[in-house]
Amino acid sequence: MLISRRTLLQAGTIAGVTTAAGWPARIALGNTARIRIGAMMPFTGTYAALGEAGVNGLKLALEMHGNKLGGREVEIVTLDDEAEPSRAPANATRLIKSDAVDVLFGTVHSGVAMGMVKVARETGTLLVIPNAGAGPATGPMCAPNIFRTSFTNWQPAFPMGKVAYDKGYRKIVSITWKYGAGEEAIAGFKEGFEALGGKVVKEITVPFPNVEFQANLAEIAALKPDAVFTFFAGGGAVKFVKDYAAAGLKDQIPLLGSGFLTEGTLEAQGAAAEGLLTTLHYADTLDIPANKSFREAYKKAFGKEADIYGVQGYDAGLMLIAGFNAVKGDTGAKAALYAAMEKATIDSPRGAMTFSPSHNPVQDIYLRQVRGGQNVVIGVAAPKLADPARGCKMPA
Ligand code: PHB
């Protein structure tokens, strides 16, 4: 199902006015017209909640700044990408050509994000990625107009290698969905773990977005590793964590994860998630003013607890605000706009965030444990970690 709707953000409202497709493209022209953001996110399927949280975060940041970018009103056009990579280039092109968006915001799924990267590079449209961790987006495919306010899949996974080794684990089985994000997360973990002398003895993959894990869990039980490392997110993470506990594995073979395993999922996972250790660039309980005020505002606006996806959308909003304020809303001043975005320090709920030359966040990776239905920060697994950005040659 393809949803296209336009949300006109108005001062004092979060939801704004939603109209059917067909709203006239522009009310005025040039640099006094609204700045249009094309939010291409999954609103259906296993990543639906992640897509909604990301857009909520973006709206919250804009709302807190008068719904303006560099003095110009903002309009958000949303499009459901269904986490379907094959349709990504056409969808992104439609937002740019038919909906005349100035900025692309998206997405969650690494494969879909790579389709957006291709179109952003071809058209020179500004792209801000609020989740997808696809390494190439800020690696070999990096570009002056491509920014990310989230992470690379390597970033939260690599530090778990040392955490696992320090816990005394030597033999680990990994399990994930067979697509870019899962494979890059496992590779990141493996790099950290095996450099120290550990061994990933078996890499199990299941097709995305399958959630039938029984045969895989039986295989894990038979292999008897010291621990399991995994990447799952959204609906798949809920199902995997519950199935792992139901199979009786939770108390026998520790389950470790890239932190998405327990983001936006804890209510549904319940007791099955208690005690799980994960690494991520955020934790609910981070005791800093920016996190407290963000979480309160998010809950007030949307009636639910914030998670990493809300944080990343919010930070994308703050980054756009910093950039467009610097050029007073002039969408044509690209070099100055990108320079301001690149140099911005974002007052993120995750802690102050800066960007590497490849336009990916440099950030602390926290070690978290699920305690009492919350991701509690119990340490910093890697301070100020930058992705190695292998293969990025940023044109001057
Ligand atoms: C990705 O596809 O890059 C991805 C999806 C969901 C997550 C994290 C990464 O939670």
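In this text, all values refer to a predicted model and were calculated from it rather than measured experimentally. Atoms within each ligand, like the ligands themselves, are counted from 1 in listed order.
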Shortest protein heavy-atom distance from [atom], along with the residue and atom involved:
{"atom": "atom 2 (O) of ligand 1", "result": "Tyr179 OH, 2.5 Å"}
{"atom": "atom 3 (O) of ligand 1", "result": "Ser110 OG, 2.6 Å"}
{"atom": "atom 5 (C) of ligand 1", "result": "Val108 O, 3.3 Å"}

- Message: Below 30° counts as parallel, above 60° as perpendicular, anything between as tilted: where do the rings of Phe147 and Tyr338 land?
- Response: tilted

- Query: Should the pair Phe193 and Phe189 be assigned to parallel (<30°), tilted (30 to 60°) or perpendicular (>60°) ring geometry?
  - Reply: parallel

Within a distance under 4.0 Å of any heavy atom of [X], pick out the atoms of ligand 1 and give their elements.
{"X": "Phe231", "result": "4 (C), 7 (C), 8 (C), 9 (C)"}
{"X": "Ala181", "result": "1 (C), 2 (O), 3 (O), 4 (C)"}
{"X": "His109", "result": "2 (O)"}
{"X": "Ala233", "result": "6 (C), 7 (C), 10 (O)"}

- Message: A side-chain contact here means heavy atoms from C-beta on lying under 4.5 Å apart; do Glu82 and Phe43 qualify?
- Response: no

- Message: Quick one about Asn291 and Tyr282 (side-chain donor to acceptor, distance below 3.5 Å, no hydrogens or angles considered), yes or no?
- Response: yes

- Message: Hydrogens and angles aside, do Glu274 and Gln369 bring a side-chain donor and acceptor to less than 3.5 Å of each other?
- Response: no

- Query: Among Tyr47, Phe213, Tyr244, which one satisfies ring pair (Phe, Tyr, Trp, His ring centres under 6.0 Å) with Phe232?
  - Reply: Phe213

- Item | Check: Phe294 ring centroid to Tyr314 ring centroid under 6.0 Å | yes

Would you check the N or O atoms of [X], main chain and side chain alike, for any that come under 3.5 Å of an N or O of ligand 1?
{"X": "Asn131", "result": "no"}
{"X": "Tyr309", "result": "yes"}
{"X": "Gly133", "result": "yes"}

- Mind listing the closest non-hydrogen atom pair of Thr262 and Gln269 along with its distance? CA-OE1, 4.0 Å

- Message: Just to be sure I read this right, does ligand 1 sit under 4.0 Å from the backbone of Phe208, its side chain, both, or neither, counting only heavy atoms?
- Response: neither

